[in-house]
Undergrad: 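Sharing a structure with you now.
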Amino acid sequence: MRRCTSLPSPCSLSEPRSSASIKTLLNLCKTLRTLEQIHAQIIQKGLEDDNSIVCSFVSLCNSLSVLRYATSVFHRVSNPSLVPLWNSILKGHCDHSSLALSLTLFSRMRLHPVAPDNYTLPALIKCCSHESAICVGKGIHGLTIKYGVVDEVAVGSSLIGLYGKCGKICHARNVFDEMSVKNEVSWNVMIVAYVNFGDMVEARRVFDIMPVRNVVSWNAMIDRYAKFGNLKNARKLFDEMPEKNVISYTSMIDGYAKRGDMASARFLFEHCQQRDVILWSALISGYTQNGLPNEAVKMFFEMKSTNVRPDEFIMVSLMSACSHIGHLQLAKWTDSYMNMSCFDLHNTHVAAALVDMNAKCGNMERAIRLFNNMPKRDLVSYCSMIQGLSVHGQGEKAVGLFYKMLSEGLTPDDVAFTVILTTCSRAGLVEEGYGLFDLMRKGYSIVPSPDHYACMVDLLGRSGQLKAAYDLIKSMPIEPHAGTWGALLGACKLHYDIEFGEIVAARLKELEPCNSGTYVLLSNIYAAANRWFDVSIFLGSFGSYILSSITTKWHWVSPFSLLDDYHASEDDDLELSSLYHATWIVPSIMHEVHAWWQASMEKEMATLEQITHGS
DNA sequence: ATTGCATATG
């Protein structure tokens, strides 16, 4: 049975209604359904032509975003002579339609003739700034002078907003200085104009001298400080701020997350009383982007348990976290949850994330089906598929898809080439890789990044051409990063080349003295050559360091990704093997480590079990 | 009789 939200039935409204009582009803109306009932009564009582009734009706339509309904009712008024009536229909157009249509209506209003006032013009100016229509905006600025409303606060404020939006910061400031009466909004628009212009110094100056600051003024400053990475200033204002709202917290959390400081982000999150989707989104996407996908997944389910409805943004973060974890069961759950909850699967970001998640979690059939059904396949979704095929050992198919992408006219960027070069080295497609490296430089004029060189070094190294790889590093026009040397060291390990390995490891120790990976790889080389003495000498002093780096890291490296050979990345293999090396060196703690590993794995299993079954 | 102008997420 449908719950009754409607007005009393017509039979109970026995007596003829005056326009005053219709107005009372309009004031009480909250839904489209009741609005329709009132409309019926307006027609019944023959009040369709009543300017003031239609005026209230139209403004109610505006707040319910039903512009067409408002327009149809407005058109039945034979002589719309009231300024407020024109204003309310015009406002509906300014807020929910285009500038062009709003202007058409505006010119009809002036021909009628009805003179615009201090309600009409700010609405139009706002519409201009929304579309960055500076010329039309200037024309309306002229009209505000003509009709003598240029000195109104709302007119001034909307003009500052317009000029600010269009980058005419001096015009904005002129309008601001000319205003004889300013309110909080005018000060805020001025601050926002400076802040969007990137002039934090001037914004701060205005902020400091404004007579009354409200939550918008504080948030505008905090958000921009945080966005520009000035977390110190942002936090200082945040702490000084008398009454923070959820937006203040969101800006701070987002700033910390972009900086990689998830501890501070989490700290503030715990202190925020009111948590909306956007706040959760800032935290969850922060965890995903900072390589803490398990934490993102946990927070997602915590959010769901508080009955906050996830939106598309959150789902994209969750799917990205799934891709990083590579947990098939969780991916399947997420996929079916998306379908059940009626998310828009045609949204480009959602569709791309779905393909990416399925491809990375090993459900290639599903990924391929989704990919083929995509309305528009862009670079990102192509790369997801290529990478999916690549990690599932189908390197040649991946390369084939890359060429298909080119034939569809998409232009690969540096990331796309990183993906395809990685694919080639993983699949041992040396010739292919070389060809693509050339194509990137000559065909698409992309200057190879250190990452690209690292891919090529990896490619040559894996195929056993250690010398060629070394020469490539030497020939690099830019400084190779540790990853490039690391790729070569990995190749030395693969081919058990001790002499080369020692040279490369020495170079790496200079570049990254604290990276346990170097020590682990070289110890692997020694170990493979049965040179246990060298292993122990080499690792002796680092054994405990490696162990601590492993144990601190393990609170986020999922045991699933470590254990599952199929999905394990290179790094995870490294961590696992370094554990065993470390326990060889320090046998006394072996039991302890083993117990710890067991416990942490069981804990993670239990959590994921709970997550995938409990919801 | 319209209640106008400002802030937040991939």
Side-chain angles (χ1 to χ4, degrees), chain A residues 19-20 23 26-27 50-63 70 80-92 94-95 114 116-127 129-130 149 152-162 164-165 175-176 179 182-193 195-196 210 213-224 226-227 245-255 257-258 276-286 288-289 310-320 347-350 352-353 380:
Chain A
S19 73
K23 279 220 174 129
L26 281 167
N27 286 335
D50 183 315
N51 269 277
S52 112
I53 293 277
V54 175
C55 184
S56 303
F57 187 88
V58 166
S59 68
L60 203 52
C61 287
N62 288 346
S63 59
S81 54
L82 210 60
V83 189
L85 176 56
W86 280 100
N87 282 350
S88 67
I89 190 69
L90 193 67
K91 172 142 177 59
C94 289
D95 287 351
V114 171
D117 65 1
N118 57 328
Y119 281 81
T120 328
L121 300 174
L124 275 171
I125 295 168
K126 188 191 177 189
C127 194
S129 66
H130 189 247
V149 291
E152 292 281 336
V153 210
V155 172
S157 302
S158 57
L159 281 172
I160 296 169
L162 169 76
K165 174 85 193 298
V175 173
F176 180 75
M179 285 174 79
K182 300 180 182 74
N183 64 9
E184 287 169 39
V185 175
S186 358
W187 285 88
N188 285 341
V189 199
M190 196 60 240
I191 288 178
V192 169
V195 140
N196 285 339
M210 73 187 283
R213 287 181 274 269
N214 65 16
V215 66
V216 175
S217 347
W218 289 93
N219 283 350
M221 294 299 296
I222 290 173
D223 185 68
R224 274 321 143 119
K227 277 222 168 53
N245 67 5
V246 64
I247 296 173
S248 338
Y249 278 92
T250 308
S251 297
M252 287 303 304
I253 289 173
D254 205 52
K258 295 254 151 55
D276 63 4
V277 217
I278 300 171
L279 186 83
W280 282 100
S281 180
L283 188 77
I284 291 175
S285 72
T288 305
Q289 280 160 26
D311 65 359
E312 266 86 3
F313 290 94
I314 298 253
M315 292 317 289
V316 169
S317 290
L318 177 69
M319 287 188 281
S320 164
N347 172 315
T348 22
H349 296 290
V350 171
V380 176

Undergrad: Under 4.0 Å: is that the gap between some side-chain N or O of K182(A) and OP1 or OP2 of dA6(B)?
TA: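 No, outside the criterion.
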Undergrad: Nearest to the P122(A) side chain among dA8(B), dA6(B), dG4(B), which nucleotide is it?
TA: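 The answer is dG4(B).
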Undergrad: Do the non-hydrogen side-chain atoms of D95(A) and K126(A) ever get within less than 4.5 Å of each other?
TA: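 Yes, at least one pair of side-chain atoms sits under 4.5 Å.
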Undergrad: Checking contacts here: which listed nucleotide (dT7(B), dG10(B), dC5(B)) is nearest the side-chain heavy atoms of S157(A)?
TA: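 The listed nucleotide nearest to S157(A)'s side chain is dC5(B).
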Undergrad: Looking only at the side chains, is there a donor atom on one of N245(A) and S248(A) sitting less than 3.5 Å from an acceptor on the other?
TA: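 There is such a pair between these side chains.
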Undergrad: Looking across every strand, which nucleic acid part, if any, lies under 4.0 Å from N62(A) by heavy atom: base, sugar-phosphate, or nothing?
TA: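 Nothing: the residue N62(A), judged by heavy atoms under 4.0 Å, touches no strand.
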Undergrad: Quick check on dC5(B): is either OP1 or OP2 less than 4.0 Å from any side-chain nitrogen or oxygen of K126(A)?
TA: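 Answer yes for this pair, as a side-chain N or O of K126(A) is under 4.0 Å from OP1 or OP2.
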Undergrad: When we call it a touch if two heavy atoms are under 4.0 Å apart, what does S59(A) touch: a base, just sugar-phosphate, or nothing?
TA: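 It contacts sugar-phosphate atoms only.
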Undergrad: Testing the 3.5 Å rule here: is there a donor-acceptor pair between the side chains of N347(A) and E312(A)?
TA: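 Side-chain D/A pair, N347(A) to E312(A): absent.
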Undergrad: Are the ring of F313(A) and the six-membered base ring of dG10(B) within the stacking cut-offs of under 5.5 Å and under 30°?
TA: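 The ring of F313(A) is not stacked on dG10(B).
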Undergrad: With no hydrogens and no angle check, just 3.5 Å: does a side-chain donor-acceptor pair link N214(A) and S217(A)?
TA: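 A donor-acceptor contact under 3.5 Å links the two side chains.
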Undergrad: Look at K258(A) and dG10(B) and indicate whether a side-chain polar atom (N or O) is within less than 4.0 Å of OP1 or OP2.
TA: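 Answer is yes, contact under 4.0 Å.
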Undergrad: Base, sugar-phosphate or nothing for E152(A)? Non-hydrogen atoms, less than 4.0 Å.
TA: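 Result for E152(A) = base.
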Undergrad: Give a yes/no answer on whether the side chain of K165(A) brings an N or O atom under 4.0 Å of OP1 or OP2 in dC5(B).
TA: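 No, because none of the side-chain N or O atoms of K165(A) sits under 4.0 Å from OP1 or OP2 of dC5(B).
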